[in-house]
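What follows is a short report on a single structure.
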Number of protein chains: 2
Amino acid sequence: MEATIKDVARQAGVSTATVSRVINNTGGVRSDTVKRVMDAVKYVNYVPNIMARNLKTESSTIIGFVISNISNTHFTKMANKIESILREQGLNLIVCNTADDPNLELDHLQRMIAMHADGIILNTTCKNNDWICELSHKIPMVLVDRNITDPVFLGDFVGSNGYGGVMDLTKHLIEKGHRDIAIITSDLSTSTGRERLNGFSAAMRTIGIVVDDYYIYRYDSQHFSEEDGVAGCQYLMGLEKRPTAIVVINNEMTIGVYKYLHNNDISVPDDISVVSYGNINNSDLFRVEPTFATLNPNFIGEKAANLLLSRIEAPGRGNREIIFEPLLVVNESTKTL
Amino acid sequence: MEATIKDVARQAGVSTATVSRVINNTGGVRSDTVKRVMDAVKYVNYVPNIMARNLKTESSTIIGFVISNISNTHFTKMANKIESILREQGLNLIVCNTADDPNLELDHLQRMIAMHADGIILNTTCKNNDWICELSHKIPMVLVDRNITDPVFLGDFVGSNGYGGVMDLTKHLIEKGHRDIAIITSDLSTSTGRERLNGFSAAMRTIGIVVDDYYIYRYDSQHFSEEDGVAGCQYLMGLEKRPTAIVVINNEMTIGVYKYLHNNDISVPDDISVVSYGNINNSDLFRVEPTFATLNPNFIGEKAANLLLSRIEAPGRGNREIIFEPLLVVNESTKTL
DNA sequence: TTGTACGCGTTATCAT
DNA sequence: ATGATAACGCGTACAA
């Protein structure tokens, strides 16, 4: 079916070795034979078989970007940035979506290693930590957003200060006079989930409120999705005594919260204040612009790509961490009590 | 470095053939040897080399999804849907972003063919038509959104009726009394760009207006991006006599239009009416909900995935086309003159 | 039930 | 400057 290097060789009347030299331009071939080979390549429509090539060379030019939610613009913007940087180095980015399913994460990572990818940028589910720690010794790896704090892990991390960011958001509400402040958080087995909740708790402690498992205004959802935001908001709005403000710990869930409130004619910020950890795409066009803590996917993507490149150069180097400091952007979604 | 099938064989004290039989469970192996092999696999941490495997089997389980804009939720939602369908068949979706660059499109497609992908779902740049037509005879291919109307092309197409959709949008404006109607369109070498402009022209003809190259209210941008929407809007708002309404032919450009108008304190719909071809993510939260023609990425994704699956079964079958009929959703962005 | 041996398409080594 | 050939890791006849 597909033309192989042999077909080209036969067509050009040379050996496969020469063809190989030409298509990889290793040099040492007379210019007229180069031309003969090139013509033959065109003629038989030859495309080198990557499988076979990698089998020999023990390398691909593939970088895997494995993410938990391909519909979240936070990640797609990151993907854009990463791709543009890697492409300059002749590397090809491949995006894989785990949908936060640990099994899919394993699948994708297995495939990456099986393809002999040159590196991986991973937004992990945090459910395969041991396995990933082992993997990190075999392939250059950079984690984004969610960290793995295991001494065995070898690689870099780029994320944001979720503790400080959520603390700032919460303090902002406190300064506006709020006390009955709710939080919609998610999967606490992720580093981000824990950190952000801790930031909230720390801020609440300053006004003498303990946020524990029994804190009435706390909702721990399973995922970080819009649907989970809806569910969390529904729960909170169903309470006998409603909170006056909600802290939502990621952008997608905030959208869910906004939609629930809008669909149920609950006004922001008149009836309830809302703050979000992380930018929401196009939120400057929203009826009520959310107050949020900035998260910069371009920044994170750029750092991650560069860390990975330097790690590919020196795979054994020590772990590095880059933490983005979110800024508080105050908009219309919070009112003074 | 990496453990190979030989290491497993040595460790388990069997031949490589037996190991192969076990990991592919082809059967015909005593259960205790199966166990011995499995243990050895764990022990040496063996992952089969996909390159080598595919080199033998002449197949991968890879499906390429090559798109023009990974930041457009239209495509990421499609990706989610496609992935969930393909996964049931044990196929792995890989997403590649061309950013509407014909060279990147070639790169990605070359790599897909070189990886012996089992199929491709493509949102083409429409700049490599001849090459893609040839390619379509070598690998099962389904086009989404943008079509290639070349008799040589072998494959399926899933898209939407851009002609009718934009015509409906325009007629809606006409019925509201608008006459000075502008259009922001894009790259007319794409099938979608042409079609949608034609729909607009047809509607305008019903009120005796000719939309040609010199039609003052027409802006042809290069890409379909938000930035191009901004530029188009800026041009139109700079005209001596402004239009009273704008038809924008995709969702991203509409966002650009919205942002330009918002940033320049031009009110929608009081100062100008706007309609969009295609849904805008979260537009139900917008200050002014846009009137738009629906585009259903889930629908398109589902159809595309299923067409591809059936084409993989029978690669030579005749071309098929599925056209989604957009619905007009009237919201607040259009006012009666 | 298990093992031996060949070939997939490529690159790299060693001759020539 | 070019060619013959061994390897890469795997699956699979065929043999045992």
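The interatomic distance linking R53(B) (CZ) with dG11(D) (P) rounds to 5 Å, in whole Å. Regarding R10(A), its CZ atom lies at a distance of 14 Å from the P atom of dG3(D), rounded to whole Å. Between the NZ atom of K6(A) and the P atom of dA4(D) there is a distance of 13 Å, given to the nearest Å. Protein atom CG of N54(A) is 14 Å distant from nucleotide atom P of dC10(D), rounded to whole Å. Atom CZ in R30(A) sits roughly 10 Å away from atom P in dG3(D) (whole-Å rounding). In this structure, N24(B) places its CG atom 16 Å from P of dT2(C), rounding to the nearest Å. Whole-Å rounding puts the K56(A) NZ to dC8(D) P distance at 7 Å. Between the CZ atom of R36(B) and the C1' atom of dT2(C) there is a distance of 11 Å, rounded to whole Å.
Regarding contacts with the backbone of dG3(D), a side-chain N or O of T18(A) is found under 4.0 angstrom from either OP1 or OP2. Distances shown here put every side-chain N or O of S20(A) at or beyond 4.0 Å from the OP1 or OP2 atom of dT10(C). At the phosphate of dG3(C), OP1 or OP2 sits under 4.0 Å from a side-chain N or O atom of S15(B). The side chain of R21(B) places no N or O atom within less than 4.0 Å of a non-bridging phosphate oxygen (OP1 or OP2) of dT2(C).
For A52(B), the side-chain atoms get nearest to dG9(D) when compared with the rest of dT12(D), dG11(D), dG9(D). Distance from the side chain of I5(B) is smallest to dC10(D) among dT11(C), dT2(C), dC10(D). When the nucleotides dC8(C), dT5(D), dT2(C) are ranked by their closest atom to the side chain of V29(B), dT2(C) comes out on top. Listed candidates were dG9(D), dT12(D), dG11(D). Nearest to the side chain of T4(B) is dG9(D).
Electrostatic pairing of D100(B) and R146(B) counts as a salt bridge here, judged by a charged N lying under 4.0 Å from a carboxylate O. Between K127(A) and D187(A), at least one side-chain N (NZ, or NE/NH1/NH2) sits under 4.0 Å from a carboxylate O, which counts as a salt bridge. Remark: R10(A) engages D7(A) in a salt bridge, criterion side-chain N to carboxylate O under 4.0 Å. In summary, D101(A) and R87(B) do not engage in a salt bridge, as defined by a charged side-chain N under 4.0 Å from a carboxylate O.
If you check every strand for non-hydrogen atoms under 4.0 Å, T33(A) touches sugar and phosphate atoms only.
A donor-acceptor contact shorter than 3.5 Å links the side chain of T98(B) to the backbone of I67(B).
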